[in-house]
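Step one of this worksheet: look at the structure below.
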Protein chains: 2
Amino acid sequence: MTESEKGPLGRRRGRGARERILSASQQLFRDQGINRTGMDQLCAVAQVSKRTAYQHFASKDELLTEYLRRFDPDVMAGVFDRTDLTPRERLLAAFEIPAATPLCPYIAAAVELHDPQHPASQYARDYKTAIAARLTETAREAGATNPEQLGEQLALLIDGASARTRVLNSESFPTAAAIAAVLIDNAIPASPPRRQPSDDR
Amino acid sequence: MTESEKGPLGRRRGRGARERILSASQQLFRDQGINRTGMDQLCAVAQVSKRTAYQHFASKDELLTEYLRRFDPDVMAGVFDRTDLTPRERLLAAFEIPAATPLCPYIAAAVELHDPQHPASQYARDYKTAIAARLTETAREAGATNPEQLGEQLALLIDGASARTRVLNSESFPTAAAIAAVLIDNAIPASPPRRQPSDDR
DNA sequence: CGTTAAGTAAACAGCTCGGTGTATTTAAGA
DNA sequence: TCTTAAATACACCGAGCTGTTTACTTAACG
């Protein structure tokens with residue numbers, strides 16, 4: 001049994017209350033937004049009494065921060081850690097939405113909270129920076145002449161697709177992927193050992 | 001004196017109450033967000049009694065919708081109606097932020113309201129569609145082989161820069177402009193008498 | 001003047017929210 | 001069995017919100 005399922009004295013009561021709360025946050029914050037989701041409703045969905053919820057999380061803000069922290073702690077490891085893909089393919093894979101992706105909750109949190117000082121806003125910034133860093137790193141592996149620039153550009157595309165998907169209610173990641181392909185081709189000096197696509201110019 | 005300053009009988013009392021309310025909305029919705037701005041505070045800033053405010057706008061939702069409608073009713077006319085620029089230059093000018101631009105309030109509204117059926121959300125969609133249409137139209141003037149595609153791509157860049165600026169609190173429009181330049185160059189068949197580079201995809 | 005529309009000020013209604021207090025129940029150790 | 005900690009049910013608080021009502025004031029007109 002996991003340590004997290006035990007109380008401070010080793011008891012094993014009400015297992016997973018914390019997980020149920022976070023799971024309910026996941027669902028409700030995504031479907032209804034942060035401000036429109038009350039703690040009463042959240043506790044009801046989590047099947048946890050309000051008292052218990054506030055014993056696990058000091059406040060809604062703290063719960064929100066933890067929710068963001070758990071959302072994608074490994075910063076798209078499923079994409080960037082794929083060794084079966086070339087760096088270039090990995091860069092493009094970042095735009096293949098996993099179908100179940102709602103909308104980047106970091107953007108949503110930053111907009112809803114509207115306070116750059118809020119811990120959740122700070123974490124959102126950290127996450128965005130981490131994504132850009134991974135893109136830059138991969139761009140360097142792919143041989144881009146200016147990896148930082150390409151990384152920043154691709155990160156902007158991801159955010160653009162997220163925002164646009166949210167507002168228009170229609171998928172925008174294919175458009176972003178098309179742009180990404182152009183940018184990558186322009187940023188990588190026609191690979192030496194690869195077959196030359198004979199890009200006349 | 002303006003007609004709008006008169007009452008229905010030609011009186012000229014308390015001139016500009018409506019304008020002051022909308023002006024206060026402009027400021028507060030931008031600085032604090034929609035949900036965090038109460039009608040009490042808004043009326044105080046507008047120097048208007050609550051009673052008066054609710055005589056001009058039936059509800060906060062209606063005020064919000066009108067606020068969005070007034071924000072940029074001509075869809076960046078200052079950019080797209082500049083006859084002194086070539087179409088290509090106009091496309092790039094869309095990424096030169098006017099310094100006083102806060103953050104696209106349409107994205108903010110859509111995220112904060114979290115209800116696609118809300119009139120403001122619908123208007124946000126309309127605005128985004130209109131921007132893409134103007135970009136497409138200009139792309140066509142510029143001679144792009146696929147104007148719709150280029151327009152949609154540039155619109156995504158604008159949204160990406162807006163979202164990223166909001167989350168990171170640092171300007172992202174230069175990055176977007178750089179991408180735009182690449183996309184435009186790739187989409188327009190090198191000047192007039194050249195042969196077509198046949199843009200793939 | 002008196003009429004009339006528009007505005008003010010302030011209390012109020014009704015609701016939701018985040019968060020707490022209290023008494024009770026449950027189950028694991030000893 | 002007794003103890004003890006965790007969880008529950010549920011009322012409750014204070015604050016803030018949208019929106020309304022009431023009583024009063026101001027100013028333009030005929």
- [ ] Encode nucleotides 9-22 of chain D as B, S and - characters from 5' to 3', where the letter depends on protein heavy atoms closer than 4.0 Å: B to the base, S only to sugar-phosphate, - to neither.
- [x] B--------BBBBB
TODO: Check whether any side-chain nitrogen or oxygen of T52(A) sits under 4.0 Å from OP1 or OP2 of dA6(D), and answer yes or no.
DONE: no
Open item on the list: Going by salt bridge (charged side-chain N to carboxylate O under 4.0 Å, His left out), name the pairs with one or both residues in residues 120-132 of chain A, residues two or more places apart or in two chains.
Closed with: K128(A)-D159(A)
Open item on the list: Nearest whole Å is fine: how far is dC17(C) P from L64(A) CG?
Closed with: 16 Å
Task: Residue pairs passing the ring-ring contact (aromatic ring centres under 6.0 Å, His included) test where at least one lies in residues 127-172 of chain B, sequence neighbours excluded - done: Y106(B)-Y127(B)
Open item on the list: With a 4.5 Å cut-off on side-chain heavy atoms, are L135(B) and Q153(B) touching?
Closed with: no
TODO: Report the distance from atom CZ of F57(B) to atom P of dA6(C), rounded to the nearest whole Å.
DONE: 15 Å
TODO: Could you state the atom-to-atom distance from NE2 of H56(A) to P of dA5(D) in whole Å?
DONE: 16 Å
Open item on the list: So, using side chain to side chain donor-acceptor pair (under 3.5 Å) as the criterion, who are the partners of E89(B) when residues are at least two apart?
Closed with: T86(B)
Open item on the list: Taking ring-ring contact (aromatic ring centres under 6.0 Å, His included) as the cut-off, I'd like each qualifying pair that reaches into residues 17-67 of chain A, sequence neighbours left out, listed once.
Closed with: F29(A)-Y67(A)
Task: Contacts of R70(A) that satisfy salt bridge (charged side-chain N to carboxylate O under 4.0 Å, His left out) - sequence neighbours left out - done: E19(A), E66(A)
Open item on the list: Between P on dA9(C) and CD on Q55(B), what's the gap in Å once rounded to a whole number?
Closed with: 14 Å
